[in-house]
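Side-chain atoms are counted along with the backbone in the values below, which use heavy atoms only and exclude waters and symmetry mates. We're numbering straight along the sequence, starting at 1. Please read all numbers here as calculations on a predicted model, not as lab measurements.
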Amino acid sequence: MKKIVKDMIYNILSTFIVVIIIQFYIYPYLAKTISISEYGYFLLFIGLINMISVGFSSALGNLRLITQKNYLPSNQYNSLLIIILILVSFMYFLSQFFFDKTSILYLILTICMIFKNYHAYSFRLQINYNRTLILNVITSLGYLLGVLIFNNLFQNWTIIFITGELLGILFLIFTAQTVREKFEITKNSSMYSQFFSLSIATLLSNSMIYMDRLILFPLLGSQSVSVFVVASFVGKSIGLVITPINSVFLTYISKSKKINLKLFKKIVIFLILIFTLVFLITCVLGDTITKIMYPEIYNNAAKYINISSASALTFILGTILNTFMMKMNDVSWQLKVQITYVFAYVILGITVLKYFDLQVFIYFTIILNLMRVYLICYVINKYSYRQENNK
């Protein structure tokens, strides 16, 4: 237990560093540098890049964690990584037909993020979270260097993030065991099936982080995207610091043979208490912090801050609980829950925005997020109960 707590502290600290640099410096800096409309476009595209890169890299990394003792020799995971990079390149060229403002730099950034995020799992396989901390420090310093390049040499926001990712990759080349693994094509058909199922589920899960932008942009415009994201800024930022608990949980879950229902219920109660405390903190500090960080957009976002924080935190709670479904249930259940959630979010969300305003839409997301938490707990409880009775 002491080791788990220590690793959680390392992981929270490493994520906190990145959150501080990105959420509290780079995003507000760009909001001051460009117009509110242009900032909305930036939020849309960085959201899409994060959704795709984190979605695919997390799917492959988590698959390796939960199946490391059962399926592939380590060097065969590289064939799945190549498939991801080919698929992402195809998606980029396809996007040329839908967006006028796409740039080849978006593809370069996406590939860099996938490569770095996947090979960062090397440290989780070894349960070496102090190296994760070093990686994030180096990446964050790279972002700061990228800001200098943005200011003086190349006025394109992608250079900020590409510089950070490249410095992180350089560190991984010298330290990550997975980078030095040989390439070998896997012929394990069940692995491909699990990989694509988990990829779809993870992409759907990550799409929900940015789905509000994808829905708001065509219906209300880029300015509404800026207002909504800024309003939820504090809640999402604090929630991102808590999210590393999720990765530590999965790392140790992957090493254990069984997670019983009694332990899961205790974890659920613990997380609910933590998130309630975090929400109270955002209610006290959210307004002041948002006003300091985003003075240009604050007046438009002020009335949405508390409810947007509640929406962000209930979503993150569901994402953490969703981790346990990979271990306690069949992987297909995760996909079913995510498809149900995304379908409800898109169809009902568009309907709400069509007849009501942004405030009602945010309340809708809170209710839907809580329903997702209940559905995850219900599925795990029912599946675990059935397994115990079948013994």
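Separation of atoms CG (Leu348) and CG (Leu368) is listed at 7.0 Å; rounding is to 0.5 Å. Note that the CD1 atom of Ile17 and the CG atom of Asn136 stand 7.0 Å from one another [nearest 0.5 Å]. The line from CG of Leu353 to CZ of Phe361 is 5.0 Å long, rounded to the nearest 0.5 Å. The CD1 atom of Ile84 sits 8.5 Å away from the CG atom of Leu87 when rounded to the nearest 0.5 Å. Summarising the geometry, atom CD1 belonging to Ile159 is positioned 9.0 Å from atom CG belonging to Leu145; distances are rounded to the nearest 0.5 Å. Considering CG of Asn306 and CG of Asp287, their distance stands at 7.5 Å, rounded to 0.5 Å.
Side chain of Thr282 to backbone of Phe279: a donor-acceptor contact under 3.5 angstrom is found. Looking at Arg213, its side chain does come within 3.5 Å of a backbone N or O of Leu43 through a donor-acceptor pair. Without hydrogens or angle criteria, Ser232 side chain to Val229 main chain gives a donor-acceptor distance under 3.5 Å.
Annotation: side chain of Ser103 is not in contact with side chain of Phe45 (no heavy-atom distance under 4.5 Å). The shortest side-chain heavy-atom distance between Gln177 and Ser122 falls under the 4.5 Å cut-off. With contacts defined as side-chain heavy-atom distances shorter than 4.5 Å, the pair Tyr341/Leu375 does not qualify.
When all heavy atoms are compared, the tightest approach of Gly168 to Thr139 is CA-OG1, 3.6 Å. Residues Ile362 and Ser308 come closest through the heavy atom pair CD1-OG, 3.4 Å. The shortest non-hydrogen separation linking His119 to Leu172 is O-CD2, 3.9 Å. Closest approach of Thr163 to Gly142, counting heavy atoms only: CG2-O, 3.4 Å. Across all their heavy atoms, Ala301 and Val230 have their closest contact at CB-CG1, 4.1 Å. The minimum heavy-atom distance linking Gly318 with Ile376 is given by the pair O-CD1, 3.4 Å.
Side-chain contact of Thr365 with Ser311: a donor-acceptor pair under 3.5 Å is present, judged by distance alone.
Put simply, Phe356 and Tyr304 are part of the same group of oily side chains (I, L, V, M, F, W, Y) that touch within less than 4.5 Å, one to the next. One hydrophobic cluster holds both Leu285 and Leu277 under the rule that ILVMFWY side chains link at heavy-atom gaps under 4.5 Å. In terms of hydrophobic clustering, with Ile, Leu, Val, Met, Phe, Trp and Tyr side chains grouped at heavy-atom distances under 4.5 Å, Phe24 and Val284 are assigned to a common cluster. Both Val225 and Val360 belong to a single network of hydrophobic side chains, linked directly or stepwise wherever heavy atoms of I, L, V, M, F, W or Y lie under 4.5 Å apart. The hydrophobic cluster containing Val352 also contains Tyr355, counting ILVMFWY residues as joined when their side-chain heavy atoms lie under 4.5 angstrom apart, directly or transitively.
Partners of Val342 by side-chain contact (heavy atoms from CB on, under 4.5 Å), not counting sequence neighbours, listed by chain and number: Leu204, Ser207, Met208, Met211, Val346. For Ser226, there are no side chain to side chain donor-acceptor pair (under 3.5 Å) partners two or more places apart in sequence or in a different chain. Not counting sequence neighbours, the partners of Met371 by the side-chain contact (heavy atoms from CB on, under 4.5 Å) test are Ile367. Among residues two or more places apart in sequence or in another chain, the side-chain contact (heavy atoms from CB on, under 4.5 Å) test is passed with Leu370 by Thr314, Ile366. Residues passing the side-chain contact (heavy atoms from CB on, under 4.5 Å) test with Ile162, sequence neighbours excluded: Leu105, Ile108, Leu109, Thr158, Leu166. Tyr92 pairs by the side chain to side chain donor-acceptor pair (under 3.5 Å) definition with Gln96, not counting sequence neighbours.
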Give the intermediate values and the outcome of side chain to side chain contact (heavy atoms under 4.5 Å, CB included) for residues Ile305 and Tyr298. CA-CA 9 Å; Ile305 291 174; Tyr298 169 77; 4.1 Å; yes
Worked check of side chain to side chain contact (heavy atoms under 4.5 Å, CB included) between Thr340 and Arg372: CA-CA 9 Å; Thr340 302; Arg372 177 194 182 206; over 6 Å; no
Show your working on side chain to side chain contact (heavy atoms under 4.5 Å, CB included) between Glu296 and Tyr39 and close with a plain yes or no. CA-CA 11 Å; Glu296 297 83 2; Tyr39 189 65; over 6 Å; no
Check against side chain to side chain contact (heavy atoms under 4.5 Å, CB included), Leu358 and Leu216: CA-CA 9 Å; Leu358 181 59; Leu216 288 172; 3.8 Å; yes
Donor-acceptor list for residues 25-36 side chains, cut-off 3.5 Å, not counting sequence neighbours:
from	atom 1	to	atom 2	distance (Å)
Tyr29	OH	Asn151	OD1	2.1
Tyr29	OH	Asn151	ND2	3.4
Lys32	NZ	Met293	O	3.2
Thr33	OG1	Tyr29	O	2.7
Ser35	OG	Glu38	N	3.1
Ser35	OG	Glu38	OE1	3.3

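The salt bridge (Lys or Arg N to Asp or Glu O under 4.0 Å) pairs that include a residue from residues 356-369 number zero, where partners must be two or more places apart or lie in different chains. Counting only residues at least two apart or on different chains, the ring-ring contact (aromatic ring centres under 6.0 Å, His included) pairs with a member in residues 146-169 are Phe42-Trp157, Tyr106-Trp157, Tyr143-Phe161. Sorted by first and then second residue, the salt bridge (Lys or Arg N to Asp or Glu O under 4.0 Å) pairs with a member in residues 160-169 read Lys116-Glu165; sequence neighbours excluded. For residues 40-63, no pair satisfies salt bridge (Lys or Arg N to Asp or Glu O under 4.0 Å), with sequence neighbours left out.
In the hydrophobic clustering, Val54 connects to no other residue, as no ILVMFWY side-chain heavy atoms lie under 4.5 Å from its own.
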